[in-house]
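In what follows, chains are A, B, ... by sequence order, proteins preceding strands, each numbered from 1.
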Protein chains: 2
Amino acid sequence: MSTPGPRRTTIKDVAELAGVGVATVSRVLSGGSASAETRERVLDAATKLDYRPSALGRNLRQQRSGGVALLVPDITDGFYARLCDGVLSCARSYREPVTIGVTGDDAEQEADLVGGLLEQSMDRIIAVPSGDGEMWASAVRAGLNVVFADRRVWSPGQHARALDEVPAVLTDDRSGLRTAIEYLTGLGHRKIGFLARQGMSHRVAAFREAMGDLLDEDLVVFARASRDSAYAAAAGLFQRRADLTAVIAGGNMLGEAAVLAARELYVRIPRDLSLIMFDDVPWAELCSPPLTVIAQPASDVGYRAAELVLRHGRRPRTVSLPTELIVRSSCAPRR
Amino acid sequence: MSTPGPRRTTIKDVAELAGVGVATVSRVLSGGSASAETRERVLDAATKLDYRPSALGRNLRQQRSGGVALLVPDITDGFYARLCDGVLSCARSYREPVTIGVTGDDAEQEADLVGGLLEQSMDRIIAVPSGDGEMWASAVRAGLNVVFADRRVWSPGQHARALDEVPAVLTDDRSGLRTAIEYLTGLGHRKIGFLARQGMSHRVAAFREAMGDLLDEDLVVFARASRDSAYAAAAGLFQRRADLTAVIAGGNMLGEAAVLAARELYVRIPRDLSLIMFDDVPWAELCSPPLTVIAQPASDVGYRAAELVLRHGRRPRTVSLPTELIVRSSCAPRR
DNA sequence: AGTGCTCATGGAAACGATTCCATCATCATT
DNA sequence: AATGATGATGGAATCGTTTCCATGAGCACT
């Protein structure tokens with residue numbers, strides 16, 4: 001059935017050809033000390049045999065499989081796609097493979113995925129967490145090396161501080177939202193809505209805070225992770241509250257849904273409704289009208305997170321990356 | 001430094017608690033034959049100890065690491081993101097981890113990545129191939145279990161047929177292009193351009209074939225994998241050939257670039273130029289004007305490819321998934 | 001009763017690397 | 001010249017699983 005082909009060349013073969021012991025070969029190849037002459041003989045033999053150390057053997061011995069895992073809610077979302085890209089590009093320079101899983105913003109799937117990783121003895125993981133702190137706390141206790149990206153999660157109990165030590169790479173949503181809201185209120189808007197997705201509680205909290213007295217709790221709505229749900233949430237909000245004059249979409253899928261729903265309901269942007277969207281995606285400029293957005297350095301978030309988990313040096317608690325309001329044509333003064 | 005914590009429970013512990021040999025435990029757990037009583041005792045012990053077999057040990061023994069690798073040109077491209085999603089969702093049901101790499105449509109990076117996978121003893125890979133047949137042929141000879149997705153590559157020599165056996169999941173570009181071109185010629189267009197990206201030679205070939213006598217080789221242009229390059233290619237074509245009245249973009253990034261370039265150059269779509277884009281992305285509808293597209297079932301491509309590589313049953317050579325022309329507002333009769 | 005067959009079973013040998021530890025040579029110091 | 005320190009070296013153990021093989025029990029048939 002399978003190819004009976006020539007056995008893979010092992011460290012033993014190299015040792016034999018070089019006339020040394022396997023231990024010496026291992027040492028030379030992983031930068032240990034050896035005499036110049038031996039080193040040369042080993043290296044020679046290795047190249048002659050085109051020897052590639054088997055990750056399998058190494059992994060078993062070291063009780064950990066190499067590589068990094070990456071958990072995102074939805075790889076189809078441009079933001080997370082860029083985040084992945086950032087991780088991938090950093091990991092590449094370390095020659096570490098990246099295993100990706102999508103959680104769909106669902107705690108159960110997330111727990112499943114993490115369980116699978118544990119089974120693989122993966123011990124490094126970058127996650128956009130969806131689940132409860134409980135699960136992550138136990139994962140950390142199990143020795144998993146976690147870095148949070150885009151959002152984080154806190155220790156459930158007031159005693160357990162495990163999660164509070166987990167490094168995280170976030171975007172500065174708070175300040176992004178603040179400038180966005182300043183911009184909108186400057187245009188005269190008072191009734192400002194927020195379209196959120198499950199798992200965006202940090203962003204919602206920032207919105208609430210930035211809105212201050214203006215906050216109308218009825219104007220923040222939640223959608224689940226799907227496009228349909230986003231559309232339903234947007235359409236529902238627009239129909240329910242005719243007095244709404246501006247809305248902030250918590251992500252590009254929400255923004256897309258908002259544009260679509262507005263079009264469907266004959267709500268004109270920006271004449272009837274001003275729209276600001278989180279995340280600057282290429283189509284925001286192509287859209288009609290071009291969308292004013294809060295740009296986030298998605299790729300950098302991924303890259304930095306990967307650095308944190310891979311370099312593993314002395315690491316800062318949390319790094320926060322700047323956001324930027326890019327004004328295009330989807331906002332107008334309140335009429 | 002590392003936790004001195006309680007040793008991971010191994011198969012040996014289970015055997016001990018159940019009062020049987022390790023071999024028996026292994027058999028029971030992997031569905032071998034055993035007496036009812038033994039089976040129960042083993043299962044009991046396993047649950048009591050919360051035993052999870054270590055993938056590391058298994059992998060070493062079986063000389064192959066589990067999981068699937070997936071190579072795409074650019075995960076930031078909506079089409080490939082959806083393809084990934086399809087693969088991920090299929091792999092999930094098999095509980096197989098997926099390792100993703102991006103090639104950037106570059107043969108060298110691709111070869112690097114494949115080398116890395118070999119080192120990891122990954123033996124199953126789904127790839128959108130960029131490189132030459134040589135590399136893939138040698139990978140197949142090395143025992144790699146390859147399935148091509150979205151496009152394929154043929155054996156370099158006329159003797160070596162290794163690659164021709166590799167299964168592939170493709171979209172029916174040929175028929176998609178044919179209907180698109182029929183549509184355009186029906187609107188009176190004769191000078192039809194094609195915006196391609198490196199690695200899209202199959203699509204270009206299909207375009208050439210479908211164009212027949214109408215083909216003007218000067219109207220097909222190539223871009224590299226970046227957004228800038230796509231923009232440059234589109235702008236170059238539009239400026240160089242004022243007689244162009246219609247253009248087909250070979251992918252959504254090319255389409256985006258075409259819209260942008262047209263806008264920049266005051267070329268009005270569809271009045272001055274009709275545009276059809278490969279791949280129906282959400283923003284195509286949001287764009288102004290909404291874009292006529294050749295829709296491709298990206299997610300299905302991924303899913304089917306994953307099925308092929310994971311089920312590994314008797315497998316068909318190649319499966320071709322239908323495309324669909326979705327007419328929106330980016331094409332108009334030639335004036 | 002003896003022979004042959006089918007099972008369940010457990011010991012032990014892989015798999016390929018790293019790493020502990022003992023050995024030995026070399027060299028400097030007393 | 002004897003001792004100690006240093007450094008290079010290789011044998012062997014180890015990681016956790018699967019799988020080969022031998023053993024022995026149970027049973028049916030001659």
Tell me if the CD atom of A:E134 is crowded by more than 12 foreign heavy atoms within 6.0 Å. no
Rounded interatomic separation in angstrom, taking [atom1] from [X] and [atom2] from [N]:
| X | N | atom1 | atom2 | answer |
| --- | --- | --- | --- | --- |
| B:E16 | C:dG11 | CD | C1' | 15 Å |
| A:R8 | C:dG16 | CZ | P | 8 Å |
| A:K12 | D:dG11 | NZ | P | 11 Å |
| A:N59 | D:dT17 | CG | P | 15 Å |
| A:I11 | C:dC15 | CD1 | P | 15 Å |

4.5 Å side-chain heavy-atom contact, B:V14 and B:T9: no
When you measure from the side chain of [X], which nucleotide among [options] comes out closest?
| X | options | result |
| --- | --- | --- |
| B:S54 | C:dA8, D:dT17, C:dA12 | D:dT17 |
| B:T38 | C:dA8, D:dT17, D:dA12 | C:dA8 |
| A:Q62 | D:dT18, C:dT19, C:dT9 | C:dT19 |
| A:T24 | C:dT9, C:dA12, D:dG10 | D:dG10 |

Tell me what [X] touches on the nucleic acid: a base, only sugar-phosphate, or nothing, going by heavy atoms under 4.0 Å.
| X | result |
| --- | --- |
| A:L60 | base |
| B:S33 | sugar-phosphate |
| A:G57 | base |
| A:A34 | sugar-phosphate |

Can a donor-acceptor pair under 3.5 Å be found between the side-chain atoms of B:R27 and the base atoms of C:dG10? yes
Base of C:dT18 paired with side chain of A:R61 (donor-acceptor, under 3.5 Å): yes
Within the 3.5 Å criterion, strictly below it, is a donor on B:R27 or B:S33 matched to an acceptor on the partner's side chain? no
Could you check B:Q63 against A:R8 for side chain to side chain donor-acceptor pair (under 3.5 Å), going step by step and ending with a plain yes or no? CA-CA 10 Å; B:Q63 291 288 75; A:R8 175 190 183 110; over 6 Å; no
Is the distance from OP1 or OP2 of C:dT19 to the nearest side-chain N or O of A:S26 less than 4.0 Å? no
Check whether any side-chain nitrogen or oxygen of B:S35 sits under 4.0 Å from OP1 or OP2 of C:dC7, and answer yes or no. no
Please evaluate residues A:N59 and A:S65 with respect to the criterion side chain to side chain donor-acceptor pair (under 3.5 Å), reporting the C-alpha separation (whole Å), side-chain torsions for both, the decisive distance (0.1 Å), and the verdict. CA-CA 5 Å; A:N59 289 347; A:S65 69; 5.2 Å; no
Quick one: on DNA chain C, does B:V20 or B:Q63 contact a more 5' nucleotide (nearest heavy atom)? B:V20
